[in-house]
**Student:** 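I have a structure here, written as structure tokens, and I will follow up with some questions on it.
Each ligand, and each atom within it, is numbered from 1 in the order the structure gives. All values derive from a computational prediction rather than experimental measurement.
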Amino acid sequence: MDARLESIKDTVLAWNPGEAEFHQAVVEVFESLGPVHDRHPEFLEAAILGRLCEPERQIIFRVPWTDDSGRVQINRGFRVEFNSALGPYKGGLRFHPSVYLGIVKFLGFEQIFKNALTGMPIGGGKGGSDFDPRGRSDAEVMRFCQSFMTELYRHIGEYTDVPAGDIGVGGREIGYLFGQYKRITNRYESGVLTGKGISWGGSLVRPEATGFGTVIFTQEMLKTRGTSFDGQRVVVSGSGNVAVNAIAKAQALGATVVACSDSSGYVVDEAGIDVELLRTVKEVERGRLEEYAERRAGVSYVDGGSVWDVDATVALPCATQNELDGGAAARLVRSGLLAVGEGANMPSTRDAVAVFQEAGVLFGPGKAANAGGVATSALEMQQNASRDSWSFEHTEERLTEIMVGIHDRCAATADEYGEPGNYVLGANIGGFVKVADAMLTQGLI
Ligand code: GLU
């Protein structure tokens, strides 16, 4: 790392002790930014990096609720409003027992660059709770969401901060959250949340957008090597919203997705994953992946283990952070891996990224490859602002344009800085320069 940046990094890490994921995200970005500071000494003078690493506002709150047996439960709620140089804070809410400040800050930090790369007018933020929705009834989830919004409402707004979904927060939760926001404020403020239902202000393609976008981005990377998804053997991790839609899109483009996973194990389906069955098991029944294997001939279910043990030419990690380590990366490379598109946020460890890059594997980092979700959220905000709703075709066309644009900008930035094909560098520099320029122009903020 550049020596000037090293000391800023040390300060940031010391100032935010015990937040391993946030540290990882910061270090990974800093490693790309040396050359930018050679060209732009004004960024150093104005301490842009130091300011960028300190959220504009961090909110931590108590979320009390009662479970179905009448017992009082207490969870912790978070919203980190990281950077508003380019627009209102924008980013999802994650409900998962692993959530603590370090996770929310890593996600919020990544979101700043991701949102900048989309070219849309959105700043970066993230939130969530350590609430575990698994095994909870609809009524419990509703009571939790209502309590969560009873505190959050005062901090958000269509011009202030616009939350959406992430792990554990989908259409059902956004519905409950919106209902409570409307009830408290007496405002039908559609643009305060994205990922809404289609009949009440949501956007077509938003549910599919993150998975579709990841595949579109990866397809653009493959094109630079004169190939495409057609005929590729793909392994996807996860089986949630991002994974399911990535599988659907990859197969629509001619690939065979032979495996996907959940937190208990993975399935191998050499004929190609049956997306309809997967949707039924995961989205309609909220069941486990094991049930997919039980209902389809020729599918094996592996309890525990790693989905990255399955050979692939294209890997799409769509589960969660740090799910693919250096050992798994090396094994995938030996099996003939061509490309990786990150559908999740920071799913590859730093070791894994190094292995992919050394082996010349095309590597699309999450902040570029999975930006289709938040980009389509920004399209939802546009539709809400104009009280309009667009067709599926038009919205998908916009998403495709945006993803191709992000790919091309990352590639052009990597070329400009003398590292052709380095999408990590391209994404970090491309996103950073846009935010840094805006911050510089807006004075000491
Ligand atoms: N949680 C998604 C992400 O990681 C989407 C955020 C949004 O739509 O605001 O980008």
**Student:** How would you list, by chain and number, every residue that makes a side-chain contact (heavy atoms from CB on, under 4.5 Å) with Val242, sequence neighbours excluded?
**Tutor:** Thr210, Cys318

**Student:** What residues form a ring pair (Phe, Tyr, Trp, His ring centres under 6.0 Å) with His37, not counting sequence neighbours?
**Tutor:** Phe432

**Student:** Is the number of heavy atoms from other residues, nucleotides or ligands within 6.0 Å of CZ (Arg183) greater than 12?
**Tutor:** no

**Student:** Below 4.0 angstrom, N of the basic side chain to O of the carboxylate: do Glu380 and Lys196 qualify?
**Tutor:** yes

**Student:** Starting from the N and O atoms of ligand 1, collect every protein N/O partner closer than 3.5 Å and put each pair on its own line with the distance to 0.1 Å.
**Tutor:**
unit_1   : atom_1 : unit_2 : atom_2 : d
ligand 1 : 1 (N)  : Lys126 : NZ     : 3.2
ligand 1 : 1 (N)  : Gly165 : O      : 2.9
ligand 1 : 1 (N)  : Asp166 : OD1    : 2.8
ligand 1 : 4 (O)  : Lys114 : NZ     : 3.0
ligand 1 : 4 (O)  : Lys126 : NZ     : 3.0
ligand 1 : 4 (O)  : Asn345 : ND2    : 3.1
ligand 1 : 8 (O)  : Arg206 : NH2    : 2.9
ligand 1 : 8 (O)  : Ser377 : OG     : 2.6
ligand 1 : 9 (O)  : Lys90  : NZ     : 2.7
ligand 1 : 10 (O) : Gln111 : NE2    : 3.1
ligand 1 : 10 (O) : Lys114 : NZ     : 2.8

**Student:** Roughly how far, to the nearest 0.5 Å, is the CD atom of Glu283 from the CD atom of Glu285?
**Tutor:** 11.5 Å

**Student:** For His23, check ring pair (Phe, Tyr, Trp, His ring centres under 6.0 Å) against everything at least two apart and list the hits.
**Tutor:** none

